[in-house]
Novice: 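Just passing along the structure, written as structure tokens.
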Amino acid sequence: MLISPEPAARSSYRLSKSRYLSGLQCHKRLYLEIHAPGLATKPDAATQAILDMGTDLGELARRRFPGGRLVTAGYRQSQEALAQTSELVQDPTVPAIFEGAFQFNQVLIRVDVLERVGVNELGQPTWRLVEVKSSTKMKATHVEDLTIQSYVLEGIGLALVDICLMHVNTQYVFDGRHLDLDQLFGLRSLTETVRPRLPDVETRLAAMQTMLEGMSAPAIAPDEHCQSPYECPFWAHCTQEKPARWIYHLPGSSKTVVQLRELGVETIDDIPDHVALTPVQRRVKENREWVGEGLRAALEKIVYPVHHLDFETFMPAVPKFVDTRPYQVIPTQWSNHIEQLDGTLHHAEYLSRDGRDPREELAMTLLDSLGQEGSICVYSSYERSVLERLAEDFPSLRKALKRVIARLWDLHVVIRDHYYHPAFEGSYSIKAVLPAVVPSLSYEDLAIRDGGVAACEYARMVFVVSDWIEKAQIEEALLRYCERDTLAMVELRRELKKRAG
Ligand code: SF4
């Protein structure tokens with residue numbers, strides 16, 4: 001079995017690759033993960049969906065290594081996984097091992113792909129380590145990830161000749177028939193970047209082990225390190241005693257917050273008057289409702305009938321439709337609330353339901369609903385970017401879509417420039433603005449309350465779920481979510497008109 005030679009100073013805590021990476025981010029995080037995991041905030045539905053997408057890609061990437069063998073023992077069956085891996089390593093007919101388990105110096109890792117590439121001068125097999133990531137480019141944390149894996153593999157005596165990152169290549173264009181995995185995945189050798197880091201691993205591990213033996217978590221204060229490279233799940237725990245107007249809640253550049261912290265500023269209310277703040281930061285500091293002089297004029301620029309438009313989209317890592325790229329934004333749904341000058345409201349909507357390329361049908365139904373007259377109220381520049389992409393992709397609709405783009409009217413910009421409410425807490429997202437301005441309307445009663453979840457649920461509805469009752473439930477939840485976004489804009493405009501006098 002490929003476990004050790006363990007070093008002389010045997011440590012008490014077995015670490016996984018992810019725990020080692022947690023320890024690099026923050027010793028306290030690692031301590032809590034091991035001694036008090038219940039204090040962590042569970043990932044929300046959108047984060048979980050991103051994690052699941054990474055797993056799907058890993059499975060697809062294996063097809064690039066024909067004949068490779070999967071270690072079937074699960075993550076909790078480490079002894080079984082180590083034994084299975086050991087057998088595969090010793091079998092020269094196995095060209096690649098997927099999810100192989102290896103352990104050295106109390107670190108247990110699972111390796112996405114370990115490819116057998118040849119034999120060295122000593123007659124030993126040589127290997128290429130491949131880590132599969134769903135991201136589109138290399139990040140610093142990927143190097144650390146490969147470094148700890150290489151440390152373990154070389155620690156148990158495997159001859160690594162190449163250390164690679166496999167990531168998604170966004171330049172690849174799907175022809176609609178055959179998925180070219182060599183094009184979909186880019187393979188980048190990081191051997192030269194990883195090798196100089198290997199000598200530091202031993203020291204880092206020793207420091208982590210010593211820290212873990214402590215009676216309490218190290219006294220590390222939460223600050224910007226908690227968000228990078230990953231948002232720490234103990235943030236809520238570590239910040240529970242911070243004041244409501246803690247300086248970290250100041251929106252805008254984290255540089256300003258760091259500078260203020262260096263000045264000893266603990267809360268937003270303590271910011272000295274001479275500190276230069278952006279207009280938004282200034283309003284957050286003032287912490288009172290503010291109605292700009294130009295609000296009324298800005299609202300009156302709108303032309304009736306007013307359409308209120310919102311798209312929902314999804315961005316499949318593996319392209320599904322002809323002439324699309326990985327992670328290309330595919331609109332799947334729209335909602336339009338149309339308000340006449342007399343206040344009459346009419347709602348129209350579209351949702352693609354069958355997994356076919358929805359873009360052309362979506363664009364045509366939208367053009368029909370938007371007609372030729374009136375402003376089109378949106379919240380953010382996202383709708384504009386989706387329309388521009390549709391205009392590029394469908395030349396026959398280009399002129400009509402360009403005319404639609406010329407009618408866009410951004411409520412987000414109007415609010416940002418002319419209105420503030422303390423309950424915004426520095427955020428101008430519609431999820432923060434709506435409950436502050438229109439408390440009677442929120443997203444709380446909806447099954448889907450977030451665009452990321454909507455994207456994942458759409459993909460599940462059309463590509464995964466076969467039960468028609470479950471499909472119908474998702475469909476209904478998607479329609480109600482998108483409808484709420486556009487109704488929110490109607491009610492926001494109405495309420496702001498009142499406040500503008
Ligand atoms: S929230 Fe910050 S300080 Fe607390 S454990 Fe996480 S990274 Fe460390």
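Here the structure is a predicted model, which means the values were calculated and not measured. Read the numbers this way: they start at 1 and go in the same order the structure lists the ligands and their atoms.
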Novice: Mind checking whether Y443 and Y481 have parallel, tilted or perpendicular rings, split at 30° and 60°?
Specialist: tilted
Novice: Mind running salt bridge (Lys or Arg N to Asp or Glu O under 4.0 Å) on E475 and K471 for me, showing each step along the way?
Specialist: CA-CA 6 Å; E475 186 180 312; K471 263 183 191 284; over 6 Å; no
Novice: Against heavy atoms of H225, which atoms of ligand 1 measure under 4.0 Å?
Specialist: 2 (Fe), 3 (S), 7 (S), 8 (Fe)
Novice: Below 2.8 Å, any N, O or S contact between C26 and atom 6 (Fe) of ligand 1?
Specialist: no
Novice: Has C226 got an N, O or S atom lying less than 2.8 Å from atom 2 (Fe) of ligand 1?
Specialist: yes
Novice: Among protein heavy atoms, which sits nearest to atom 6 (Fe) of ligand 1, and what does the distance come to when rounded to 0.1 Å?
Specialist: C232 SG, 2.3 Å
Novice: Looking only at heavy atoms, is any part of H237 under 4.0 Å from ligand 1, and if so is it the side chain, the backbone, or both, or is it neither?
Specialist: neither
Novice: Using a 4.0 Å cut-off to any heavy atom of W235, which atoms of ligand 1 qualify?
Specialist: 1 (S)
Novice: State yes or no: are the ring centers of Y382 and H412 separated by less than 6.0 Å?
Specialist: no
Novice: Give me the ring orientation class for F424 and Y420: parallel if the planes are under 30° apart, tilted from 30 to 60°, perpendicular past 60°.
Specialist: perpendicular
Novice: Does one side chain, of Y13 or E213, offer a donor that lies under 3.5 Å from an acceptor on the other?
Specialist: no
Novice: How far is atom 4 (Fe) of ligand 1 from its nearest protein heavy atom, and which residue and atom is that?
Specialist: C238 SG, 2.3 Å
Novice: Using a strict cut-off of 4.0 Å, indicate which atoms of ligand 1 neighbour a heavy atom of I220.
Specialist: 3 (S)
Novice: Does even one non-hydrogen atom of Q25 get within less than 4.0 Å of ligand 1?
Specialist: no
Novice: Mind checking whether H249 and W246 have parallel, tilted or perpendicular rings, split at 30° and 60°?
Specialist: perpendicular
